[in-house]
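A short write-up of the structure that comes next.
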Amino acid sequence: MTTPVKTALSVNLNKVALIRNTRHLGIPSVTRAARLCLEAGAQGITVHPRPDERHIRADDVEKLAEVVATWPVPREFNIEGNPFHNLMEFVRKYRPHQATFVPDGEDQFTSDHGWSFPQDAERLRPLIAECKALGVRVSLFMDPIPEQMAAAKAVGADRVELYTEPYAAAFGTPEQSVQIRQYAAAAQAAQAAGLGVNAGHDLSLRNLTPFVANVPGVLEVSIGHAFVTDALELGYAEAVRAYLRSLAARPDGVLL
Ligand SMILES: CC(=O)[C@@H](O)[C@H](O)COP(=O)(O)O
Ligand SMILES: NCC(=O)COP(=O)(O)O
């Protein structure tokens, strides 16, 4: 019986920045949000500075890197983005704990797919190697396809982040258990290949516990849209505590 891992919560602050950007007042503050989330126990902060700066801007990345780097206890900074667009300049400048490579187009509505192998392998390989030479862990945003995991490892990734929108969309329907089995198989294939497993996109208080209870060894979930929605009602600290409780909870039964 393997010891269950403690899944880290990395709060994605994109949507705090999105609200901030609708006025020239500087509020809500992304750095204040980060401090309140870390004080409440979040293990990390995630940002996705898209090229159009619709939400997280370059100066947000600089300020948040400083907040996390100077936090009195170890906390992680995860920068997401397309390494063929603007991600690598942030990696080189701030050396986050983790870079999550996401194959988004410049004007994409939101992230909606992972990398494809073997098509993407050769162009990803040198950028992954550069990140690792800088001491930055690399996670590849991936669809939950078990057969793709060995190739993600072969290209040099340390982890994969399973794109969880299909699971979230199926939650509460008869398709839920089919989806959860798919993610469990993808996670097991990733771990068998020597990869760590992260997960994210559309995770929420509603669907999180069954996911981490049935998908083995998830090291980190990065949650933003639903988290900020909950924080609008609960406040950042209580929202963090609610998500940490959901990560620690275990529903009756095994596969749901
Ligand atoms: C990669 C992913 O699924 C999310 O982290 C992404 O950051 C969402 O981006 P938006 O917040 O711009 O929808
Ligand atoms: N990598 C997923 C993430 O950071 C946040 O995604 P979402 O919770 O905003 O869908």
Side-chain angles (χ1 to χ4, degrees), residues 7-22 28 30 33-34 37 42-58 60-61 64 68 75-87 90 96-115 137-144 152 157 159-171 183 187 196-208 211-212 215 218-232 236 239-240 242-244 246-247:
T7 305
L9 171 66
S10 186
V11 174
N12 181 311
L13 296 177
N14 292 354
K15 301 302 163 54
V16 177
L18 190 69
I19 297 170
R20 190 258 337 261
N21 292 353
T22 56
V30 293
C37 289
Q43 286 87 5
I45 297 296
T46 289
V47 292
H48 191 146
R50 294 184 179 273
D52 63 11
E53 293 199 317
R54 67 186 74 167
H55 40 55
I56 293 291
R57 295 168 172 163
D60 295 322
V61 182
L64 290 169
V68 178
R75 291 293 182 261
E76 289 209 347
F77 191 36
N78 173 40
I79 306 177
E80 300 182 328
N82 189 320
F84 304 110
H85 297 159
N86 61 344
L87 176 65
F90 292 116
H97 298 86
Q98 179 174 264
T100 299
F101 287 16
V102 186
D104 283 3
E106 301 218 9
D107 56 359
Q108 194 160 313
F109 178 67
T110 188
S111 308
D112 61 10
H113 66 282
W115 297 99
R137 178 196 314 135
V138 175
S139 178
L140 296 182
F141 197 62
M142 298 291 291
D143 299 302
R159 296 192 187 178
V160 291
E161 176 180 342
L162 298 180
Y163 167 51
T164 47
E165 190 278 339
Y167 160 74
F171 190 80
Y183 283 86
V197 175
N198 294 345
H201 205 98
D202 285 346
L203 292 175
S204 69
L205 287 175
R206 179 168 174 262
N207 62 36
L208 184 57
F211 186 85
V212 293
V215 178
V218 177
L219 298 174
E220 174 192 285
V221 290
S222 43
I223 306 175
H225 192 90
F227 175 86
V228 173
T229 301
D230 292 319
L232 288 173
Y236 292 119
V240 166
Y243 277 85
L244 291 175
S246 289
L247 287 170

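Numbering starts at 1 and runs along the sequence shown. Read the numbers this way: they start at 1 and go in the same order the structure lists the ligands and their atoms. What's counted below: heavy atoms across the whole structure, side chains too, no hydrogens, waters or symmetry copies.
With a 4.0 Å cut-off on non-hydrogen atoms, Glu161 does not touch ligand 1 at all. With a heavy-atom cut-off of 4.0 Å, Phe141 touches ligand 1 through its side chain alone.
The protein heavy-atom contact nearest to atom 1 (C) of ligand 1 is Ser111 OG, 3.2 Å. Summary of contacts: the protein heavy atom closest to atom 5 (O) of ligand 1 is Glu80 OE1, 2.4 Å. Looking only at heavy atoms of the protein, atom 13 (O) of ligand 1 is closest to Thr110 OG1, 2.6 Å. Atom 7 (O) of ligand 1 has its closest protein heavy atom at His48 ND1, 2.9 Å. Atom 11 (O) of ligand 1 has as its closest protein heavy atom Asn14 ND2, 2.8 Å. Here the protein heavy atom with the shortest distance to atom 9 (O) of ligand 1 is Arg50 NH2, 2.9 Å.
Residues Gln98 and Asn78 bring a donor and an acceptor atom of their side chains to less than 3.5 Å of each other. Inspection of the Asn12 and Ser222 side chains reveals no N or O donor paired with an N or O acceptor under 3.5 Å.
Every residue meeting the side-chain contact (heavy atoms from CB on, under 4.5 Å) condition with Ala231, not counting sequence neighbours, appears here in chain and number order: Phe227, Tyr236, Ala239. Under the side-chain contact (heavy atoms from CB on, under 4.5 Å) criterion, Asp112 pairs with Gln108, Tyr163, not counting sequence neighbours. The side-chain contact (heavy atoms from CB on, under 4.5 Å) check on Asp202 picks up Glu165, Ala168, with sequence neighbours excluded.
A donor-acceptor pair is defined here as one N or O able to donate and one able to accept, closer than 3.5 Å; such a pair exists between the side chain of Asp60 and the backbone of Arg57. Without hydrogens or angle criteria, Asn82 side chain to Asp104 main chain gives a donor-acceptor distance under 3.5 Å. Side-chain N or O atoms of Glu53 include one that pairs as donor or acceptor with a backbone N or O of Ala58 at under 3.5 Å. Between the side chain of His225 and the backbone N or O of Lys15, no donor-acceptor pair lies under 3.5 Å. In this structure, His97 contributes its side chain and Phe77 its backbone to a donor-acceptor pair below 3.5 Å. The main-chain N or O of Phe109 is found under 3.5 Å from a side-chain atom of Arg54 such that the two form a donor-acceptor pair.
A tilted orientation is assigned to the rings of Tyr167 and Phe211, their planes being inclined by 30° to 60°.
Within the listing of ligand 1, atoms 10 (P), 11 (O), 12 (O) sit less than 4.0 angstrom from a heavy atom of His55. Set against the non-hydrogen atoms of His201, the atoms of ligand 1 under 4.0 Å away are 2 (C), 3 (O), 4 (C). The Asn12 neighbourhood of ligand 1 comprises atoms 5 (O), 7 (O), with distances under 4.0 Å to a heavy atom of that residue.
Residue contact annotation: Lys15 has a non-hydrogen atom under 4.0 Å from ligand 1.
Ligand 2 lies under 4.0 Å from heavy atoms of Asn12, Thr46, Glu80, Glu161, Gly200, His201, Asp202, Ser222, Ile223, Gly224, His225.
In terms of N/O distances under 3.5 Å, ligand 1 is not approached by Arg54.
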